[in-house]
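Notes follow the structure.
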Amino acid sequence: MDEQTIVMDRDAPIRVMLAKIGLDGHDRGVKVVARTLRDAGMEVIYTGLHLSPAQVVEAAIQEDVDVLGVSLLSGAHMPIFGKIFELLTDRDHRFVLVAGGVMPDEDADALVEQGVYAVLGQDTPPQKIVEVVEAAAAKADEADTARLGS
């Protein structure tokens, strides 16, 4: 069964939380992404601006999202994702992380090595964003199934 089939077999829509962390106040792109994902039939929660990594992680766990997308244009992506991973240590969660924004290729590669599912740049076409989020949600479902022993 391919990833797209797994997503289509879901009983509920994919739940996505989009967040802006820190002092980055540029939110036009994340709002476009939110609308794109909603138009694709997903439930989207946008946290708004200026939250801390701890606030975002806690909200994502409480909302039981499939995918947590963090949009960063501030250049602080490495320490912010480092903090997110630190906060997730020993925490029971089912979501997969996706990064978006402006990041050098070598940093994007490093984030993927640390556990970010995908890094989407500012030029990523809307359909590609939908495909990546669907695949990330399928990965969350697989991990959840494995975790629950089903």
Side-chain angles (χ1 to χ4, degrees), residues 1-22 24 26-49 51 53 55-74 77-78 80-85 87-89 91-150:
M1 183 180 312
D2 65 21
E3 291 176 349
Q4 191 168 16
T5 305
I6 292 169
V7 172
M8 294 171 123
D9 289 345
R10 300 175 114 253
D11 291 332
I14 294 170
R15 289 178 54 84
V16 181
M17 178 173 285
L18 299 177
K20 298 290 291 183
I21 295 177
D24 182 357
H26 300 91
D27 64 350
R28 179 181 287 177
V30 74
K31 288 178 179 177
V32 170
V33 170
R35 177 162 293 196
T36 297
L37 297 176
R38 282 187 191 125
D39 289 349
M42 299 180 201
E43 287 183 23
V44 179
I45 302 159
Y46 173 49
T47 63
L49 297 170
L51 295 181
Q55 289 171 311
V56 169
V57 165
E58 193 59 38
I61 291 169
Q62 288 179 5
E63 290 290 343
D64 193 31
V65 297
D66 302 304
V67 179
L68 171 57
V70 178
S71 170
L72 293 163
L73 301 171
S74 65
H77 46 274
M78 296 306 288
I80 286 175
F81 274 99
K83 184 65 176 175
I84 290 171
F85 284 117
L87 291 164
L88 289 174
T89 302
R91 292 291 305 266
D92 189 26
H93 67 90
R94 66 173 313 277
F95 58 83
V96 173
L97 280 166
V98 175
V102 179
M103 296 167 209
D105 291 341
E106 58 272 8
D107 288 354
D109 293 341
L111 289 172
V112 170
E113 287 176 17
Q114 291 176 19
V116 171
Y117 180 77
V119 177
L120 303 172
Q122 73 276 10
D123 297 341
T124 305
Q127 184 57 38
K128 178 68 175 174
I129 295 169
V130 170
E131 291 167 3
V132 167
V133 171
E134 287 175 340
K139 184 166 180 68
D141 286 346
E142 290 170 9
D144 202 33
T145 299
R147 182 177 59 90
L148 297 174
S150 306

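Numbers for residues simply follow the sequence, beginning at 1.
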For the [atom1] atom of [X] and the [atom2] atom of [Y], what is their distance to the nearest 0.5 Å?
X: E131; Y: T124; atom1: CD; atom2: OG1; result: 11.0 Å
X: S71; Y: Q122; atom1: OG; atom2: CD; result: 10.5 Å
X: T47; Y: E63; atom1: OG1; atom2: CD; result: 11.0 Å
X: F95; Y: L68; atom1: CZ; atom2: CG; result: 5.0 Å

*Taking atom CZ of R38 as the centre, report whether more than 12 heavy atoms of other residues, nucleotides or ligands fall under 6.0 Å from it.*
yes
With heavy-atom distances below 4.5 Å as the criterion, would you say the side chains of [X] and [Y] are in contact?
X: E43; Y: V16; result: no
X: L88; Y: H93; result: yes
X: L87; Y: E58; result: no
X: P13; Y: M42; result: no
X: V112; Y: Y117; result: no

*asked:* side chain to side chain contact (heavy atoms under 4.5 Å, CB included) for I45 and L18? Distances and angles first, verdict last.
replied: CA-CA 6 Å; I45 302 159; L18 299 177; over 6 Å; no
Any sub-3.5 Å donor-acceptor pair from [X]'s side-chain atoms to [Y]'s backbone N or O?
X: K20; Y: H26; result: yes
X: T36; Y: V32; result: yes
X: R15; Y: V67; result: no
X: D24; Y: L73; result: yes

*Picking from V65, I61, D64, what satisfies side chain to side chain contact (heavy atoms under 4.5 Å, CB included) with R94?*
D64
*Identified side chain to side chain contact (heavy atoms under 4.5 Å, CB included) counterpart of E134 within the set I14, I129, D66*: I14
